[in-house]
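Data first, discussion second: the structure below is written as structure tokens.
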Amino acid sequence: MRRSNMMPHRTNSVGVFFNANGERRSEFQSCCGEMFSQLTMTEHVEATAAALGKRPVDLLVLDLNGYEQLSELAGVGALIRGRAGAPVLVLCAYEHSAWLPELMTYGQFDYRICPVLNDELQQAVEQALAVPADAAAALQQELLDKEKELRDLLGVQRSLQRALSGIDTIESMSAQICLALCNFPGVRHTAVLHMKERGDLQLVAQESRNHLDLARLLQRRDRLLQSPLRDVFPPLLAVSRGEMVLLDAPEKAGDPELAMTLHDRCVRMVLALPLRAEPGGPELGAICLMFDRHITFSREQFACFSSLAQFVSFGLGMSELKHRNEELSGQISQMSTVDSVTGAANRRAGEDMLDNEIRRARRYGLPLAVLSFDVASFQSVNDLYGSPVGDQTLRVVADVVKSRLRTSDLLARMRGEEFLIIATHTTAADAKRLAEKLRGALAEADLPRTAEVVVSLGVTQVGADEGSATVLDRIDASLHRAKRAGRNCIDVTE
């Protein structure tokens, strides 16, 4: 929060420095000890609470280095709550920055992300100890800052809601999300990473206002969890750890080349949040925001970012669900219209197509022919070699026939070894020539364990006033005449 008209700092300041393992005792004493008339070092929550109870303390510094689990912080939260708004400075490791919004539920405090240089730590202490020259003006400025902060958050929420208003493809929706997140003050680059099947994390969208290409930085667009930066780059950490990651200075990630690249693109801070469909559920990916300035986030801002991540997770989840539903619908549709053995249309689909083509031919005055053929040798193949070989024979026959048809024609398996061909824009004479070609192609087909295939073909042209039932009766009669006439015969019905 911005402060105005600050005086240097409290005189005769009293401070308590808490650290779980005492590693930073001497460091803190050397850089900040001269600011305090009395400075108490503690390593246990109970000792810290006791020190706070003995006399008024101007500043409580809580160094969380040494803690590994958030569940251990309940005592630290009680210390923050006990301050009742009095100055608290929290030092939190970069890897555990997700603890900050959790601790803010206990009360207000300032924070710094570790590792912290001595100059940075000294400046943070000075700022915490500073008192306003005009308390009323400082309070007024704080209220104005809070009002602007809330307006900014509301603006981003509205932009994101518009981006998620329609269920679209994940790629298109992610691009809109990136545009919406760029409305937050100071954001220069946004990205959405999405977890595909088999743990394949992909960069699906990014919006850059600083000419940064995340794909080039990571040297890939997919399988990002295999990137050499997976243990240092915030969005990759957010996915692998399943929690928010805040990097308030690129050099704190510990990778000089990464820090240099980000600084060259005016990136001063990176925030990444994991995406998940439900609390505790598997990660769907992450959103990443890169800032051109240092911002100390408030509890409301952290809460807003968390809500934004939930909105994005919901939107991506709905998009993915819609995509899966479309795939399932397509599969169900195929199962209901396609013969599973031959890949041709089934009887129901064939009859529906015949109805449609008859209506279309009648409407536009176009010729329409129908062919029917029967694999006479199919039953003997089944008897000799079994149904697997018989099914394979039918598949080969269907493939040979389909390869000789136009894309506008349809092949349907009507029953057993009997098939129907609907030939659009075709007269009876053209259909007879097609039947001759099919008979020759099937005679030369390479069929499993059979020397040849015996077929009979019936051909007819649809009359001007005929319905599908009449046409099917006529083509059945034509096929029966062809079968009675002998091997590989063709019967044409006018």
Side-chain angles (χ1 to χ4, degrees), residues 20-21 23-24 63-73 90-102 111-117 120 188-206 208 212-265 267-276 280-291 294 297 302 305-306 309 312-313:
N21 54 22
E23 289 180 356
R24 297 171 61 88
D63 186 356
L64 303 184
N65 285 277
Y67 279 102
E68 292 299 329
Q69 301 294 330
L70 181 62
S71 58
E72 301 174 352
L73 297 179
V90 174
L91 307 178
C92 184
Y94 158 53
E95 296 84 356
H96 299 309
S97 50
W99 293 353
L100 295 174
E102 299 289 343
Y111 65 86
R112 293 295 183 274
I113 303 295
C114 296
V116 183
L117 298 177
E120 183 183 358
R188 304 296 294 168
H189 186 282
T190 57
V192 174
L193 286 64
H194 184 243
M195 187 73 75
K196 302 293 185 179
E197 295 180 0
R198 300 179 182 178
D200 185 1
L201 184 66
Q202 293 186 347
L203 172 64
V204 291
Q206 61 178 325
S208 179
L212 173 66
D213 183 2
L214 202 56
R216 180 174 297 180
L217 175 67
L218 298 174
Q219 300 180 7
R220 61 185 70 200
R221 293 191 70 91
D222 57 6
R223 301 192 181 280
L224 298 181
L225 291 180
Q226 298 180 19
S227 168
L229 298 177
R230 65 166 296 171
D231 294 326
V232 294
F233 193 50
L236 304 186
L237 268 177
V239 174
S240 60
R241 298 176 66 93
E243 59 186 17
M244 181 203 83
V245 176
L246 174 61
L247 179 65
D248 69 340
E251 58 272 15
K252 292 184 180 181
D255 188 298
E257 186 174 350
L258 171 64
M260 185 179 300
T261 301
L262 294 180
H263 273 293
D264 287 345
R265 292 292 182 264
V267 175
R268 300 295 178 262
M269 190 170 75
V270 183
L271 175 67
L273 299 105
L275 303 175
R276 52 171 64 90
E283 280 67 38
L284 301 177
I287 54 175
C288 178
L289 299 89
M290 299 188 186
F291 299 80
H294 294 282
F297 292 127
F302 277 128
F305 285 128
S306 178
V312 173
S313 299

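Computed from heavy atoms alone, side chains included, the values below leave out hydrogens, waters and symmetry copies. One-based numbering along the sequence shown.
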Could you tell me whether a side-chain N or O of [X] sits under 3.5 Å from a main-chain N or O of [Y], the two making a donor and an acceptor?
X	Y	value
Arg230	Leu225	yes
Ser313	Arg276	yes
Arg241	Glu95	yes
His294	Met269	no
Lys252	Tyr94	no

Rounded to the nearest 0.5 Å, what separates atom [atom1] in [X] from atom [atom2] in [Y]?
X	Y	atom1	atom2	value
Leu271	Leu289	CG	CG	5.5 Å
Leu258	Leu217	CG	CG	6.0 Å
Asn65	Cys92	CG	SG	8.0 Å
Arg268	Asp248	CZ	CG	12.5 Å

Item to check | Candidate pair Asp213 and Gln206, rule side-chain contact (heavy atoms from CB on, under 4.5 Å), full reasoning | outcome: CA-CA 8 Å; Asp213 183 2; Gln206 61 178 325; 2.9 Å; yes
Do [X] and [Y] come within less than 4.5 Å of each other through their side chains, counting heavy atoms only?
X	Y	result
Tyr111	Leu246	yes
Lys196	Asp222	no
Ile113	Leu100	yes

Next on the checklist: Does Arg221, at its CZ atom, have more than 12 non-hydrogen atoms belonging to other residues, nucleotides or ligands within less than 6.0 Å?
Outcome noted: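 Yes, enclosed.
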Next on the checklist: Before you tell me yes or no, could you show the steps for Met290 and Arg265 under side-chain contact (heavy atoms from CB on, under 4.5 Å), namely the whole-Å CA-CA distance, both residues' side-chain angles and the distance that decides it to 0.1 Å?
Outcome noted: CA-CA 10 Å; Met290 299 188 186; Arg265 292 292 182 264; over 6 Å; no
Next on the checklist: Pair Leu218, Leu236 - check side-chain contact (heavy atoms from CB on, under 4.5 Å), show working.
Outcome noted: CA-CA 10 Å; Leu218 298 174; Leu236 304 186; 4.2 Å; yes
Checklist entry - Parallel, tilted or perpendicular: which fits the ring planes of Phe297 and Phe302, with parallel below 30° and perpendicular above 60°? => result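 Perpendicular.
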